[in-house]
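In what follows, a structure is listed as structure tokens, so that the remarks can point back to it.
Just so you know, these numbers use all the heavy atoms, side chains as well, and skip hydrogens, waters and symmetry mates. By convention here, the first residue in the shown sequence is residue 1. First listed ligand is number 1; within each ligand, the first listed atom is number 1.
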Amino acid sequence: MRVLGIETSCDETAASVVEDGRRLLSNVVASSLDLHAQYGGVVPEIAARSHIEAVIPVIDKALKQAASDSAGSWDDIDAIAVTQGAGLSGSLLIGVLTARTLAITKRKPLYGVNHVEGHLYANFLTQTTLPGYILPSSQPVFPILGLIVSGGHSQLVLLRDHFDYTLLGQTQDDAIGEAFDKVGKLLGLPYPGGISVSRIAEHGDSFKFRLPKAKMTGVRQDVLTLRTQKTNLTGDESVDSGTRSQRPKPYRHSYDFSFSGIKTAVLRLAQEQIGEDFTFPSTGLAARLNEQQKADIAASFQRVAIETVVDKTVLAYEEFRPAGVIIGGGVASSLVLRQALAERLPCPVEYTDPKLCTDNGAMIAALGCFSHLLGQPQADPYSLDIAPNLSM
Ligand code: KG4
Ligand code: ZN
């Protein structure tokens, strides 16, 4: 069973063919990143225009790469999956309209899938004939704790099974990758800042500066419901069973994140380092900071931002005792994050090749495979609409 996945939610035009939800047969990504770099962020209109130009050649290439006879035949494709949301409206529209047209003309079932869910499904790809990929050796086992950390998303999800999950928490403002990108911009580093910040952080002292970790309150209703039902998924321990001494400890914390505070704290710290007050413009900071100051700021920021998501992941692990933890999204390629999770969690932590952490069509095709295999509702190719604010 082979699914073609199409992804156009942001600045990457991507397509891929995945077999049986585990075998990566092709993965083609055309990014308009270079066009956005000069503006220091993604410009929606430029992204949409680039998708129009790239989408058909990218799909053609993905089909050809997957076909054994190099003809790129549609006969081998059983279904099409496309990112329906979340993402930029103009970008999503190009992918969805292309997928709808192909589903009608090639007579294939169509699935509109969630981009954020897709990031987690990149971890289900365990085999490939393509060179240069290091994939997990086996598929994740449920129940799974999923951490999505990207330029647009920061979410913590408890997955009991395919298509059966609870959103434990998410960012209330900026995504973690967005915070990395903004700190990168402030330090005058190339866009996207995530990789640039992590590179210079290697030469800095991560304990040089104290930066704040946001303390979140309000707990999501779904989490409260889970808390009253069960605290231990694998042990099946009921909160109100047993004597007082046997009772699991009461959990009260929130799993939501916030990264706007640390971003402002980095700005104030940089102003302080050059002896200026809060009125000094952020655009003038990079020229006045020396290389060591930049490296120390980058390292201190990276440590606290990563600790913020790791702390919550460890708390969620302790509360729900999943069989394993999986991470997805661009920031999942951070070695500091991978290492911190592996050190602090007693369970397997799965992540995939960095090429499958950032936006790609393979994660959409993998999720599409499970949608098709497990009888999820098909989309109507005459009416499937985009969902820019789709939540998990
Ligand atoms: O998943 P992705 O391609 O896009 C969204 O769906 O948002 O993630 C891109 C994000 C960017 O913010 C980039 O700066 C960040 O991932 N990123 C990193 C690293 N590599 C990419 N952040 C921190 N450390 C890295 N090594
Ligand atoms: Zn993404």
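For Asp174 and Lys182, the salt-bridge test passes: some basic side-chain N is under 4.0 Å from an acidic carboxylate O. Ion pair Lys355/Asp353 flagged as a salt bridge, since at least one NZ, NE, NH1 or NH2 atom sits closer than 4.0 Å to an Asp/Glu carboxylate oxygen. Between Arg288 and Glu276 there is a salt bridge, since at least one side-chain N of the basic residue sits less than 4.0 Å from a carboxylate O of the acidic one.
For the atom pair CZ of Arg22 and CG of Leu135, the computed distance is 12.0 Å after rounding to the nearest 0.5 Å.
Inter-residue side-chain proximity for Ile59 and Leu102 is flagged as met; some heavy-atom pair is nearer than 4.5 Å.
Heavy atoms from other residues, nucleotides or ligands lying under 6.0 Å from CG of Leu335 number 12 at most.
The Zn ion (ligand 2) has His115 NE2, His119 NE2, Asp359 OD1 as protein N, O or S atoms under 2.8 Å away.
Figure legend: cation-pi geometry between Arg227 and Tyr251 absent, as NZ or CZ is not positioned both under 6.0 Å from the six-membered ring centre and within 45° of its axis. Taking the ring centre of Tyr191 as origin, the terminal cationic atom of Lys185 falls outside the region bounded by 6.0 Å and 45° from the ring axis.
Taking all atoms of both residues into account, the shortest heavy-atom contact from Leu24 to Leu356 is CD2-CD1, 4.3 Å.
Enumerated by chain and number, the residues approaching ligand 1 to less than 4.0 Å through a heavy atom are His115, His119, Ser150, Gly151, Gly152, Gly177, Phe180, Asp181, Pro192, Gly194, Ile195, Ser198, Gly329, Gly330, Val331, Ser333, Ser334, Cys357, Thr358, Asp359.
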